[in-house]
Student: 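Can you read through this structure? Questions will come right after.
Values in this document were obtained by computation on a predicted structure and should not be read as measured data. Note that ligands are numbered from 1 as they come in the structure, with each ligand's atoms numbered from 1 the same way.
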Amino acid sequence: MTECRICGGGVEEFLDLGRQPLSDAFLRPADVDGEFFYRLAVGRCVACTMVQLTEEVPRERMFHQDYPYHSSGSSVMREHFTRTALDFLETELTGADPFMVEIGCNDGVLLRTVAEAGVRHLGFEPSGGVAQVARERGVRVRNDFFEESTARAVREADGPADVIFSANTICHIPYIDSLLRGVDALLAPNGIFVFEDPYLGDIVAKTSFDQVYDEHFYLFSLRSVQAMAARFGFEVVDVRRLPVHGGEVRYTLARTGARQPTPAVAELLAQEAAQGLAEPAVLEAFASSVHRIREDLVALLRKLRAEGRTVVGYGATAKSATVTNFCGIGPDLVSYVADTTPAKQHRLTPGAHIPVRPAEDFAAAYPDYALLFAWNHAEEIMAKEQDFRTAGGRWILYVPEVRVV
Ligand code: SAM
Ligand code: TMP
Ligand code: ZN
């Protein structure tokens, strides 16, 4: 057993996804030889219930100048974050000279709205390329990892933050102790720390095992987040389920006793107990379903290949690294992956080495089948690719089970 990164308890492994590459390391052909691999397995802490990876990838290997994920690539996510920013501007950021900090601001998808409103803000973003895009959008960025020392430096220079927000980033941070001491140092006495990340309840309910990859070190549940918050003098005072990225929860934390928790907290906790989210048997059943999906998906792709059908992937997601490498899906079964992100195009997918091509290539010559790796953006993608279906093309989905639509 490994040790829980938060409480030191024993971590009981329940799913082994094998040897995996960095999920966002899209390769030039020349990079293939030096490719980095690690063992991807996930377990649950017997003491605090936090679900976490058993091996940690050094952060500089994942988040650097060329980090290819651009948050603004989805119109649904642009809208989601614009609305989130406007909500904060109307509620928490109405005092005299308010100050908002974002951890992992990426290309400024959220903070651009705060900047346009003329409100004081700062985005922490260690990945230089996306940080530069945010700056060009008028966002004030610190090109650094948020941790205790950098948070203290901002507290000294800028004063306390009314809101510290983070989306799809806190679960990327194994060093939660340093992170939460940093939040403690920077947050105003009645400020809130709000973060949203993929939700273990949805991952188990949908068997979305592709949410497990190097960057997703933790798979949060309310129960495990409550235990984590309490260790550092915080309390979960509100929760909200979000439909984005296949199902997330937005947690609002305040200093213990500072704010009255809403009824939503007790409600979600009761739901988690009913779902058995902290129980080994439920997580083992999840692992069995993952193995079934692998068998079904590989069988389907082999059958289509034997019938001479063309199959391509859609969306070179970080999630798809887990799927292709766990299932052994290479260019023999999926000839290329279409993606709108310039930084991923004309590269090879990590580990599986499937070529990534611009989305225009997809429209230029439709395949018979498209394996939708970006299933979390299904509505947006299927709406814009309606002609593919009209032309007789079919989508292959593998969450919550393998099916053709
Ligand atoms: N918030 C955006 C969103 O929801 O689309 C970006 C999410 S992206 C998956 C994670 C981002 O967190 C990356 O841009 C990465 O560089 C950044 N990141 C990783 N560790 C961080 C840390 N310690 N402090 C601040 N940002 C960090
Ligand atoms: P995500 O699931 O981590 O947000 O990644 C989505 C990937 O899919 C990202 O590389 C961008 C790509 N994508 C498209 O190619 N077309 C689209 O319409 C959308 C929404 C995403
Ligand atoms: Zn623990």
Side-chain angles (χ1 to χ4, degrees), residues 3-11 23-24 26 43-52 59-60 62-64 67-78 80-81 84 101-111 123-131 134 141-147 150-151 165-176 178-179 182 195-198 210-211 213 215-217 224 227-228 231 244-246 248 313-320 337-345 356 358-359 362 372-385:
E3 261 184 25
C4 174
R5 210 52 179 75
I6 294 171
C7 80
V11 173
S23 61
D24 266 316
F26 291 85
R44 165 191 142 278
C45 172
V46 295
C48 76
T49 79
M50 183 64 81
V51 171
Q52 57 199 280
R59 62 187 189 178
E60 289 80 8
M62 300 186 279
F63 311 115
H64 45 67
Y67 181 68
Y69 184 71
H70 286 243
S71 302
S72 296
S74 152
S75 63
V76 170
M77 293 313 299
R78 286 199 299 275
H80 169 78
F81 287 126
T84 303
V101 170
E102 186 179 10
I103 303 174
C105 71
N106 199 272
D107 62 5
V109 67
L110 182 142
L111 281 183
F124 271 88
E125 181 45 70
S127 298
V130 288
V141 184
R142 182 175 172 128
N143 183 207
D144 239 335
F145 288 96
F146 185 99
E147 59 192 331
T150 52
F165 177 79
S166 188
N168 307 301
T169 301
I170 301 307
C171 76
H172 296 48
I173 300 182
Y175 39 101
I176 285 285
S178 171
L179 171 101
F195 60 94
E196 57 192 57
D197 284 285
D210 55 352
Q211 292 284 11
Y213 54 91
E215 295 173 22
H216 287 179
F217 189 82
S224 63
M228 170 179 103
R231 295 179 73 84
V244 296
H245 288 310
E248 302 205 322
Y314 201 109
T317 57
K319 293 184 286 296
S320 69
V337 185
D339 195 286
T340 51
T341 315
K344 298 182 181 180
Q345 293 163 358
V356 182
F362 179 76
L372 187 56
F373 287 127
W375 56 267
N376 48 314
H377 302 292
E379 219 174 295
E380 178 176 352
I381 290 172
M382 287 183 185
K384 78 174 172 198
E385 298 289 4

Student: Considering only heavy atoms, which of F195, Y175, F63, Y67 lies nearest to atom 23 (N) of ligand 1?
Tutor: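 Ranked by closest heavy atom to atom 23 (N) of ligand 1, first place is Y175.
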
Student: So H216 and H172, do their side chains get closer than 4.5 Å, heavy atoms only?
Tutor: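 In short, these two side chains touch, coming nearer than 4.5 Å.
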
Student: Considering the options F165, F146, F63, F145, which one meets the ring pair (Phe, Tyr, Trp, His ring centres under 6.0 Å) requirement together with F124?
Tutor: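 For F124, the ring pair (Phe, Tyr, Trp, His ring centres under 6.0 Å) check succeeds only for F146.
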
Student: Checking side-chain contact (heavy atoms from CB on, under 4.5 Å) for the pair R59/I173: CA distance, chi angles, key distance, verdict?
Tutor: CA-CA 8 Å; R59 62 187 189 178; I173 300 182; over 6 Å; no

Student: Would you tell me which option among K384, E385, E380 has the nearest heavy-atom contact to atom 17 (C) of ligand 2?
Tutor: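 It is K384 whose heavy atom sits nearest to atom 17 (C) of ligand 2.
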
Student: So which heavy atom in the protein is nearest atom 27 (C) of ligand 1, and how far is it from that ligand atom?
Tutor: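 Answer, as residue, atom name and distance: P126 CD, 3.4 Å.
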
Student: Considering distance alone, does some N or O of D339 sit under 3.5 Å from an N or O of ligand 2?
Tutor: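 Yes, D339 has an N/O under 3.5 Å of an N/O on ligand 2.
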
Student: Can you find an N or O of H172 that's nearer than 3.5 Å to an N or O of ligand 1?
Tutor: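 By distance alone, the answer is no.
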
Student: Using a cut-off of 6.0 Å, state whether more than 12 heavy atoms not belonging to E379 lie near its atom CD.
Tutor: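 Incorrect, the count does not exceed 12.
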
Student: Measure the distance from atom 4 (O) of ligand 1 to every protein heavy atom, then report the residue, atom name and distance (to 0.1 Å) of the closest one.
Tutor: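 The closest heavy atom on the protein side is N168 ND2, 2.8 Å.
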
Student: I would like to know whether S224 and V51 meet side-chain contact (heavy atoms from CB on, under 4.5 Å); could you show each step before the answer?
Tutor: CA-CA 8 Å; S224 63; V51 171; over 6 Å; no

Student: Rounded to the nearest 10°, what angle sits at the Zn ion (ligand 3) between SG of C7 and SG of C4?
Tutor: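 Vertex the Zn ion (ligand 3), arms to SG of C7 and SG of C4: 110°.
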
Student: Got an N/O contact under 3.5 Å between D144 and ligand 1?
Tutor: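 Looking only at distances, the answer is no, because the N/O contact criterion of under 3.5 Å is not met.
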
Student: Give the atom numbers and elements of ligand 2 that come within less than 4.0 Å of a heavy atom of T341.
Tutor: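 In order of number, 9 (C), 10 (O), 11 (C).
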
Student: At what distance is the nearest protein heavy atom to atom 24 (N) of ligand 1, and which residue and atom is it?
Tutor: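 The closest one turns out to be F146 N, 2.8 Å.
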
Student: Is the shortest side-chain heavy-atom distance between M77 and H377 below 4.5 Å?
Tutor: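 They are in contact (side-chain heavy atoms under 4.5 Å apart), so the answer is yes.
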
Student: Locate the shortest heavy-atom distance separating Q52 from R5; write the atom from each residue and the value.
Tutor: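 Heavy-atom minimum between the residues: OE1-N, 2.9 Å.
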
Student: What angle sits at the Zn ion (ligand 3) between SG of C48 and SG of C45, to 10°?
Tutor: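 An angle of 110° at the metal.
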
Student: How long is the straight-line distance from OG of S23 back to CD of E215, given to the nearest 0.5 Å?
Tutor: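 OG of S23 is found 4.0 Å from CD of E215.
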
Student: For atom 6 (C) of ligand 1, what's the nearest protein heavy atom and its distance?
Tutor: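 Its nearest protein heavy-atom neighbour is S71 OG, 3.3 Å.
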
Student: Which heavy atom in P68 sits nearest to a heavy atom in F26, and how many Å separate them?
Tutor: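 Closest approach of P68 to F26, heavy atoms only: CG-CD1, 4.1 Å.
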
Student: State the atoms of ligand 2, each with its element, that fall below the 4.0 Å cut-off from a heavy-atom position in K319.
Tutor: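 Matching atoms, with element in brackets: 1 (P), 2 (O), 3 (O).
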
Student: Below 4.0 angstrom from a heavy atom of T317, which ligand 2 atoms are there? Numbered from 1 as shown, please.
Tutor: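 Taking each heavy atom of T317 in turn, ligand 2 has 2 (O), 5 (O), 6 (C), 7 (C) under 4.0 Å.
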
Student: Flag the pair K344 / D24 as yes when at least one side-chain heavy-atom distance between them is below 4.5 Å, and no otherwise.
Tutor: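 Yes, their side chains come closer than 4.5 Å.
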
Student: Okay, side chain of Q345, backbone of D339: is any donor-acceptor separation there less than 3.5 Å?
Tutor: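 It does hold such a pair.
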
Student: Would you tell me which option among G108, G104, C171 has the nearest heavy-atom contact to atom 25 (C) of ligand 1?
Tutor: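 Of the listed residues, G104 has the closest heavy atom.
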
Student: Between E102 and A167, what is the shortest heavy-atom contact and its length?
Tutor: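 For E102 and A167, the tightest heavy-atom pair comes out as OE2-N, 4.5 Å.
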
Student: Which atoms of ligand 2 have any heavy atom of Y69 under 4.0 Å away?
Tutor: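 Answer, ordered by atom number: 1 (P), 3 (O), 4 (O), 5 (O).
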
Student: Any heavy-atom pair between the side chains of E380 and S75 that's under 4.5 Å?
Tutor: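 They are in contact (side-chain heavy atoms under 4.5 Å apart), so the answer is yes.
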
Student: Find all atoms of ligand 2 within a distance of less than 4.0 Å from any non-hydrogen atom belonging to G315, and give their numbers and elements.
Tutor: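 Those qualifying, in numeric order: 8 (O).
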
Student: Heavy atoms only, cut-off 4.0 Å: how does N376 contact ligand 2, side chain, backbone, both, or neither?
Tutor: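 Looking at N376 and ligand 2, just side chain atoms fall under 4.0 Å.
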
Student: Less than 4.5 Å apart, side chain to side chain, heavy atoms only: is that true for N106 and Y67?
Tutor: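 Yes. Closest side-chain heavy atoms under 4.5 Å.
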
Student: Is any N or O atom of H377, backbone or side chain, closer than 3.5 Å to an N or O atom of ligand 2?
Tutor: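 Looking only at distances, the answer is yes, because the N/O contact criterion of under 3.5 Å is met.
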
Student: What is the closest protein heavy atom to atom 15 (O) of ligand 2, and at what distance does it sit?
Tutor: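 Its nearest protein heavy-atom neighbour is T340 N, 3.0 Å.
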
Student: Out of T84, T169, V130, who is nearest to atom 12 (O) of ligand 1 when you count heavy atoms only?
Tutor: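 Residue with the shortest heavy-atom distance to the ligand atom: T169.
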
Student: Are any of the N or O atoms of E215 closer than 3.5 Å to those of ligand 1?
Tutor: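 Between E215 and ligand 1 (N or O atoms, distance only) the closest approach is not under 3.5 Å.
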
Student: To which protein heavy atom is atom 14 (O) of ligand 1 closest, and what is the distance rounded to 0.1 Å?
Tutor: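 Protein heavy atom at minimum distance: E125 OE1, 2.8 Å.
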
Student: Fit a plane to each ring of Y314 and F362, take the angle between them on a 0 to 90° scale, and name the class: parallel (under 30°), tilted (30 to 60°) or perpendicular (over 60°).
Tutor: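 Judged by the thresholds at 30° and 60°, the geometry between Y314 and F362 is perpendicular.
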
Student: Show the atoms of ligand 1 that are less than 4.0 angstrom away from any heavy atom in I103.
Tutor: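 Counting from 1, the qualifying ligand atoms are 24 (N), 25 (C).
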
Student: Grab the two heavy atoms, one from D197 and one from T169, that are nearest each other, plus how far apart they are.
Tutor: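 Scanning both residues, the minimum pair turns out to be OD1-N, 3.4 Å.
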
Student: Near K344, which atoms of ligand 2 are under 4.0 Å from a heavy atom of that residue?
Tutor: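 Heavy-atom distances to K344 below 4.0 Å select 9 (C), 10 (O).
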
Student: Does ligand 1 have any atom that is closer than 4.0 Å to a heavy atom of V109?
Tutor: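 Not so, V109 does not reach ligand 1.
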
Student: Once you restrict to heavy atoms under 4.0 Å, what part of M77 touches ligand 2? Side chain, backbone, both or neither.
Tutor: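 It is neither part, as no heavy atom is under 4.0 Å.
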
Student: Between L110 and ligand 1, which residue portion shows a heavy-atom distance shorter than 4.0 Å: side chain, backbone, both, or neither?
Tutor: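 No part of L110 is near ligand 1 at this cut-off.
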
